[in-house]
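Please read the structure below before turning to the comments.
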Amino acid sequence: MQCWLFKTEPDLFGIEDLARAADQTARWDEIRNYQARNFLRDDVKVGDQVFIYHSSCKAVGIAGLAEVVRAAYPDPSQFDPSHALFDAKAVVGSPRWFCVDVRLRQRFSDVIPLRQLKAMPELAGMTLLRQGRLSVQPVSDAERRAILGIL
DNA sequence: GCCAACGTTGGC
DNA sequence: GCCAACGTTGGC
């Protein structure tokens, strides 16, 4: 079992939306970054755990935990001309962008603030803290335990 | 709103 | 393949 961190802007889609979704399950789509895409397409598997991270908002940090319930499939938004992220270069049968489905497992009573994560020596090497802009990223076992240990 | 860091595009 | 210009992310 691999663990991941997925970023999202809660003003657009946050953990509250995931909690309200049917079966608390939602498509994790609209990823348009190749490094993130490659992780989604090649490495994210059913049963993997996912920390849900809220960015660009008031309470920046980790909001909860989800689980992958469907592995990579073509992101439909790339083929939809009315969609803001429509990709004219994407070809059905040879898609560029992928998505997965996740189900909520646990909504943390409080968002774990980014500030607190930054202060933890165990997380000093974490991708989140080292690489600014990556919306799908692996979390090591030690990092996962350190984060869950906060709860 | 600012701005640093990083990714993408496109001319050559 | 280089690199300048431009666009986006995302914390503050």
Side-chain angles (χ1 to χ4, degrees), chain A residues 2-21 26-44 48-68 71-140 142-151:
Chain A
Q2 171 69 48
C3 184
W4 303 93
L5 182 144
F6 289 1
K7 291 184 186 174
T8 186
E9 297 187 23
D11 294 345
L12 302 176
F13 186 92
I15 202 156
E16 279 180 58
D17 301 288
L18 184 57
R20 273 198 298 265
R27 172 181 292 156
W28 207 269
D29 57 0
E30 304 188 353
I31 301 292
R32 294 292 187 273
N33 166 284
Y34 286 105
Q35 201 180 349
R37 187 281 308 267
N38 292 346
F39 281 132
L40 273 188
R41 185 189 58 190
D42 304 332
D43 302 313
V44 174
D48 284 358
Q49 299 204 45
V50 179
F51 286 112
I52 304 297
Y53 178 88
H54 283 175
S55 70
S56 300
C57 59
K58 213 161 187 187
V60 169
I62 299 177
L65 196 60
E67 180 176 339
V68 178
Y73 60 100
D75 181 344
S77 66
Q78 71 194 301
F79 302 123
D80 176 2
S82 68
H83 196 282
L85 295 176
F86 171 69
D87 186 340
K89 293 179 189 162
V91 180
V92 180
S94 172
R96 293 180 121 188
W97 308 112
F98 290 81
C99 56
V100 300
D101 290 354
V102 300
R103 179 183 293 141
L104 182 65
R105 283 188 56 147
Q106 184 182 0
R107 188 174 170 184
F108 298 160
S109 47
D110 298 294
V111 172
I112 302 172
L114 175 61
R115 184 180 358 103
Q116 183 174 358
L117 302 173
K118 283 179 173 174
M120 293 171 62
E122 307 95 298
L123 301 182
M126 197 178 172
T127 303
L128 178 71
L129 305 181
R130 295 186 149 267
Q131 187 174 344
R133 317 185 316 153
L134 184 58
S135 53
V136 172
Q137 54 179 261
V139 174
S140 77
E143 290 160 356
R144 180 178 62 85
R145 285 196 306 268
I147 293 163
L148 293 175
I150 297 169
L151 302 175

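Lettering of chains follows the sequences in order, A, B, ..., and the numbering in each one begins at 1.
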Q: Tell me yes or no: between the side chains of R32(A) and S77(A), is some donor less than 3.5 Å from an acceptor?
A: yes
Q: Not counting sequence neighbours, which residues clear side chain to side chain donor-acceptor pair (under 3.5 Å) with Q137(A)? List them please.
A: none
Q. Rounded to the Å, how far apart are D11(A) CG and dG11(C) P?
A. 12 Å
Q) Which residues in residues 108-123 of chain A have at least one heavy atom lying under 4.0 Å from any atom of DNA chain C? A) L114(A), K118(A)
Q) Once you round it to whole Å, what is the distance between C1' of dG10(B) and NZ of K89(A)? A) 10 Å
Q. Counting any heavy atom closer than 4.0 Å, what does S56(A) reach on the DNA or RNA strands: base, sugar-phosphate only, or nothing?
A. base
Q) Given side chains that start at C-beta, do those of I147(A) and M126(A) come closer than 4.5 Å, heavy atoms only? A) yes
Q) How many Å lie between CD on Q35(A) and P on dT8(C), as a whole number? A) 19 Å
Q.
As a quick check of understanding, evaluate side-chain contact (heavy atoms from CB on, under 4.5 Å) for D75(A) and F98(A), giving each step before the final call.
A. CA-CA 5 Å; D75(A) 181 344; F98(A) 290 81; 5.7 Å; no
(Q) Please tell me if K7(A) has a side-chain N or O lying less than 4.0 Å from either OP1 or OP2 of dT9(C). (A) no
Q. Which pair of heavy atoms, one from C3(A) and one from F51(A), lies closest together, and at what distance?
A. SG-CE1, 3.7 Å
Q. Roughly how many Å is it from CD1 in I31(A) to C1' in dT8(B), rounded to a whole number?
A. 17 Å
Hey, can you pull the donor-acceptor pairs under 3.5 Å for the side chains in residues 100-116 of chain A, sequence neighbours left out?
from, atom 1, to, atom 2, distance (Å)
D101(A), OD1, Y73(A), OH, 2.5
R103(A), NE, T25(A), OG1, 3.2
R103(A), NH2, D23(A), OD2, 3.1
R105(A), NH1, E67(A), OE1, 3.2

Q. Quick one: is Y34(A) getting a side-chain N or O under 4.0 Å of the dT9(B) phosphate, OP1 or OP2?
A. no
(Q) Rounding to an integer number of Å, can you tell me how far L5(A) CG sits from dT9(C) C1'? (A) 15 Å
**Q.** Pair W4(A)-L40(A), side-chain contact (heavy atoms from CB on, under 4.5 Å): steps then yes or no
**A.** CA-CA 10 Å; W4(A) 303 93; L40(A) 273 188; over 6 Å; no
Q | Whole angstrom value for the distance that separates P of dA5(B) from CG of N33(A) | A | 18 Å
Q. Looking for any heavy atom pair under 4.0 Å, which part of the strands does L128(A) touch: base, sugar-phosphate only, or nothing?
A. nothing
(Q) Rounding to an integer number of Å, can you tell me how far L85(A) CG sits from dG7(C) C1'? (A) 14 Å
